[in-house]
Trainee: 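Dropping a structure here in structure tokens format, bear with me for questions.
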Amino acid sequence: MSSPAVSLYLDPQIRDWVLFPITLVMILVGILRHYVVLLLQSSPKKLPKAAIREQRALARSQILRATSANSSIPPTFYRSISIHLAAAFDAGTYLKDGPPKGDAPSTPPNPMSDPAAMDGMMAGMKTQMVMMVPQMVIMGWINFFFQGFVLIKLPFPLTLGFKSMLQRGIETPDMDVRWVSSLSWYFLNFFGLNGLYRLILGSDNSAADSSQTMMASPFAGAGGQPGQPQDYVKLFKAEKDNLAFAEGTYSWMGDDVETRLLRKYGKL
């Protein structure tokens, strides 16, 4: 015969002195973290005109390529612009540091020598510390004062695969999967309060960024991420080749427009 199901009753004081305080503390810490991140953010520095021209030239070429198919620019003007940009990219006209000297290969920019890149890295490190330190403190607080507590029972059935996720810190293999431990309640709030933060602080908030907090690295900007300076010498050379390929797909929207117009209104 199967053993009868054992019911578990919780003291209401666990709800009042453990469940609610953990949830309230995590909400308040998230809101405080959002405003601390705002205070730590420095105003962006103005770029020199040469750097702006370098970026705008690349953006202009990319827009020209993106609109090459069914373009509104007549063929003569399109090819004139394309040839001018390709020649400027080849000569390094738009580089903020001037054309490369001789045939020596260009060295990638060192982020440590760029003040703007260093400021970005320091800002990222300060933001990551603000994100990680409060979570470590809260986890230590829960482990010290509320270790082994069972806080709440979920109102819907779950499979045994959720047992390790919902009952961390409690070694009871016979307990129903729906019961949630104090440490698991911390993780559920950590990943589940983003919607509440968006409702209170708006969509663009710094209260909870789970991916940045869990996988934070002081040098996360390396490898093409924001904060890593770009090598415009290589970008301009690649853009020159892309312009040559785009000319093969160029088509003018005004080609044979008279015939198409007459055919549309039945005059042809």
Trainee: Is there side-chain contact between Val25 and Trp141, with at least one heavy-atom pair below 4.5 Å?
Mentor: yes
Trainee: How about Met139 and Leu183: do any of their side-chain heavy atoms sit closer than 4.5 Å?
Mentor: yes
Trainee: Please lay out, stage by stage, how Leu85 and Phe236 fare under the test side chain to side chain contact (heavy atoms under 4.5 Å, CB included).
Mentor: CA-CA 9 Å; Leu85 288 175; Phe236 283 170; over 6 Å; no
Trainee: Report yes or no: do Leu64 and Ile83 belong to one cluster of Ile/Leu/Val/Met/Phe/Trp/Tyr joined by side chain heavy-atom distances under 4.5 Å?
Mentor: no
Trainee: Indicate whether any N or O donor in one side chain lies under 3.5 Å from an N or O acceptor in the other, for Ser72 and Trp252.
Mentor: no
Trainee: So Thr23 and Trp185, side chain to side chain donor-acceptor pair (under 3.5 Å) or not? Walk me through it.
Mentor: CA-CA 8 Å; Thr23 307; Trp185 183 248; 2.9 Å; yes
Trainee: Please find the pair of heavy atoms, one from Asp255 and one from Arg260, that lie closest to each other, and give the distance.
Mentor: O-NH2, 2.8 Å
Trainee: Taking the side chain as every heavy atom from C-beta outward, state whether Arg178 and Phe156 have any atom pair closer than 4.5 Å.
Mentor: no
Trainee: Let me see the working for Ile14 and Leu19 under side chain to side chain contact (heavy atoms under 4.5 Å, CB included), right down to the final yes or no.
Mentor: CA-CA 6 Å; Ile14 294 179; Leu19 178 68; 5.7 Å; no
Trainee: Drop me the distance from Leu188's CG to Leu151's CG, to the nearest 0.5 angstrom.
Mentor: 10.0 Å
Trainee: Please confirm whether the backbone N or O of Ile63 pairs with a side-chain atom of Thr67, one donor and one acceptor, at under 3.5 Å?
Mentor: yes
Trainee: Has Asn242 got a side-chain atom pairing as donor or acceptor with Ala238's backbone, closer than 3.5 angstrom?
Mentor: yes
Trainee: Could you tell me which non-hydrogen atom of Ser251 sits nearest to which non-hydrogen atom of Asn70, and how far apart they are?
Mentor: OG-N, 2.7 Å
Trainee: Kindly compute the distance separating CD (Gln62) from CG (Leu243), expressed to the nearest 0.5 Å.
Mentor: 9.5 Å
Trainee: Any idea which heavy atoms bring Val177 and Leu166 closest together, and the distance?
Mentor: O-CD1, 3.5 Å
Trainee: What residues form a ring pair (Phe, Tyr, Trp, His ring centres under 6.0 Å) with Tyr94, not counting sequence neighbours?
Mentor: none
Trainee: Do Trp179 and Leu154 come close enough that some side-chain heavy atom pair is under 4.5 Å?
Mentor: no
Trainee: Is Val257 linked to Met253 within one hydrophobic cluster, defined over Ile, Leu, Val, Met, Phe, Trp and Tyr using a side-chain heavy-atom separation of less than 4.5 Å?
Mentor: no
Trainee: Verify the neighbour count for atom CH2 of Trp17: are there more than 12 heavy atoms of other residues, nucleotides or ligands below 6.0 Å?
Mentor: no
Trainee: How long is the gap from OG on Ser82 to NZ on Lys240, to the nearest 0.5 Å?
Mentor: 11.0 Å
Trainee: Under a 3.5 Å cutoff, is there a donor and acceptor pairing between the side chains of Glu247 and Tyr78?
Mentor: no
Trainee: With rounding to the nearest 0.5 angstrom, report the CG to CZ distance, Leu38 to Arg33.
Mentor: 12.5 Å
Trainee: Suppose clustering is done on Ile, Leu, Val, Met, Phe, Trp and Tyr with side-chain heavy atoms closer than 4.5 Å. Which residues sit in the same group as Val36?
Mentor: Leu32, Val37, Leu40, Val130
Trainee: Do you know which two heavy atoms are closest between Arg53 and Thr93, and how far apart they sit?
Mentor: NH2-O, 3.1 Å
Trainee: Which distance, rounded to the nearest 0.5 Å, do you find between the OH of Tyr232 and the CZ of Phe89?
Mentor: 11.0 Å
Trainee: Check whether any side-chain N or O of Ser182 sits under 3.5 Å from a backbone N or O of Phe146 as a donor-acceptor pair, and report yes or no.
Mentor: yes
Trainee: Could you walk me through whether Arg60 and Ile81 pass the side chain to side chain contact (heavy atoms under 4.5 Å, CB included) check?
Mentor: CA-CA 10 Å; Arg60 181 185 179 190; Ile81 297 173; 4.0 Å; yes
Trainee: What's the spacing between Ile22 CD1 and Ile142 CD1 if we round to 0.5 Å?
Mentor: 4.5 Å
Trainee: Does one hydrophobic cluster hold both Phe144 and Phe187, with members joined at side-chain heavy-atom distances below 4.5 Å?
Mentor: yes
Trainee: Quick one: do Leu158 and Leu160 end up in the same hydrophobic cluster if we chain Ile, Leu, Val, Met, Phe, Trp and Tyr together by side-chain heavy atoms under 4.5 Å apart?
Mentor: yes
Trainee: Is Lys237 close to Val233 at the side-chain level, that is, under 4.5 Å between some pair of heavy atoms?
Mentor: yes
Trainee: With heavy-atom distances below 4.5 Å as the criterion, would you say the side chains of Tyr186 and Met26 are in contact?
Mentor: yes
Trainee: Locate the shortest heavy-atom distance separating Ile170 from Phe149; write the atom from each residue and the value.
Mentor: CD1-O, 3.7 Å
Trainee: Using modelled atom types only, decide if a donor and an acceptor are shared between the side chain of Ser68 and the backbone of Arg65 within a distance under 3.5 Å.
Mentor: yes
Trainee: Short question: side chain of Thr249, backbone of Ala69 - any donor-acceptor pair under 3.5 Å?
Mentor: no
Trainee: Could you tell me whether a side-chain N or O of Asn205 sits under 3.5 Å from a main-chain N or O of Gly202, the two making a donor and an acceptor?
Mentor: yes
Trainee: At their closest point, which heavy atom of Pro134 faces which heavy atom of Val29, and how far apart are they?
Mentor: CB-CG1, 3.6 Å
Trainee: Tell me, yes or no, whether the heavy-atom count around Tyr250 atom OH, taken from other residues, nucleotides or ligands under 6.0 Å, exceeds 12.
Mentor: yes
Trainee: Please collect all side-chain hydrogen bond (donor to acceptor under 3.5 Å, both in side chains) contacts where either partner lies in residues 147-168, sequence neighbours excluded, each pair once.
Mentor: Lys163-Gln167
Trainee: Show your reasoning for whether side chain to side chain contact (heavy atoms under 4.5 Å, CB included) applies to Gln135 and Phe190.
Mentor: CA-CA 9 Å; Gln135 300 302 335; Phe190 179 71; 3.4 Å; yes
Trainee: Donor-acceptor pair, distance only, cut-off 3.5 Å: does the side chain of Ser71 make one with the backbone of Ile73?
Mentor: yes
